[in-house]
Amino acid sequence: RHAEVLVRDVMTAAELLEVMAFDDVLHARVGDVVAALRLSGRQHALVIESAEQADGAAAMRTVRGIFSVTQIARQLGLPLQLTHDVARTFAEIEAAIGA
């Protein structure tokens, strides 16, 4: 039943998330991001920045943003698809970038 569904039942586990380093995408082109998402088969990727700790502890990781295929398509003025046909969406985005 809906009342029994917990967040852990619907969220994606951290180890299954697509993550991109902030330094790697800071000057990347949209086509590079789309290609990386396509290669991973994901529609979303977190952008993470790591900062060294002064006390020698593990690096502090901060979420700086998220890439979304849907948002990229929207900002490029591409029609949104009502289905979850990822390959078609990537093809449309790549066609717009190449134009």
Side-chain angles (χ1 to χ4, degrees):
R1 293 181 294 181
H2 289 255
E4 296 174 355
V5 177
L6 301 174
V7 170
R8 71 173 181 237
D9 297 327
V10 297
M11 73 179 194
T12 302
E15 61 271 6
L16 299 177
L17 292 174
E18 183 67 23
V19 176
M20 296 180 178
F22 179 69
D23 291 339
D24 292 343
V25 299
L26 190 58
H27 299 289
R29 296 180 183 166
V30 174
D32 299 329
V33 172
V34 171
L37 288 170
R38 181 176 210 185
L39 185 63
S40 71
R42 308 292 293 184
Q43 290 197 23
H44 300 90
L46 289 178
V47 178
I48 303 290
E49 182 175 34
S50 296
E52 296 296 323
Q53 298 282 344
D55 60 5
M60 173 75 92
R61 296 174 70 189
T62 304
V63 175
R64 292 291 303 259
I66 186 168
F67 287 115
S68 162
V69 170
T70 303
Q71 183 64 27
I72 292 170
R74 185 178 293 125
Q75 288 185 243
L76 291 175
L78 298 172
L80 296 176
Q81 295 180 359
L82 300 177
T83 64
H84 296 291
D85 186 1
V86 177
R88 185 169 168 227
T89 300
F90 286 127
E92 289 177 1
I93 292 172
E94 288 173 336
I97 292 170

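When a residue number appears, it is its place in the shown sequence, counting from 1. Note that this is a predicted model, so its numbers are computed, not measured.
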field: Which atom of Phe22 lies closest to which atom of Val47, heavy atoms considered
entry: CA-CG1, 3.7 Å
- prompt: Considering all heavy atoms of both residues, which atom of Gln43 and which atom of Thr70 are nearest to each other, and what is their separation?
  reply: OE1-OG1, 4.2 Å
- prompt: Roughly how far apart are Asp32 CG and His27 NE2, rounded to 0.5 Å?
  reply: 13.0 Å
Minimum heavy-atom distance between Val19 and Arg61, given as atom pair plus value: CG1-NH2, 4.0 Å
message: Please find the pair of heavy atoms, one from Glu18 and one from His44, that lie closest to each other, and give the distance.
response: CB-O, 3.6 Å
query: Can you get from Val25 to Leu46 by hopping between Ile, Leu, Val, Met, Phe, Trp and Tyr side chains that sit under 4.5 Å apart?
result: no
task: Over all heavy atoms of both residues, which pair between Arg42 and Val69 is shortest? Give the atoms and the distance, please.
output: O-CG2, 4.3 Å
Verdict with reasoning, Ile48 to Thr62, per side-chain contact (heavy atoms from CB on, under 4.5 Å): CA-CA 6 Å; Ile48 303 290; Thr62 304; over 6 Å; no
- request: Check whether Leu17 and Ile66 end up in the same hydrophobic cluster, where Ile, Leu, Val, Met, Phe, Trp and Tyr are linked by side-chain heavy atoms less than 4.5 Å apart.
  value: yes
- prompt: Are Leu26 and Phe67 in one and the same hydrophobic cluster, where Ile, Leu, Val, Met, Phe, Trp and Tyr link if side-chain heavy atoms are under 4.5 Å apart?
  reply: yes
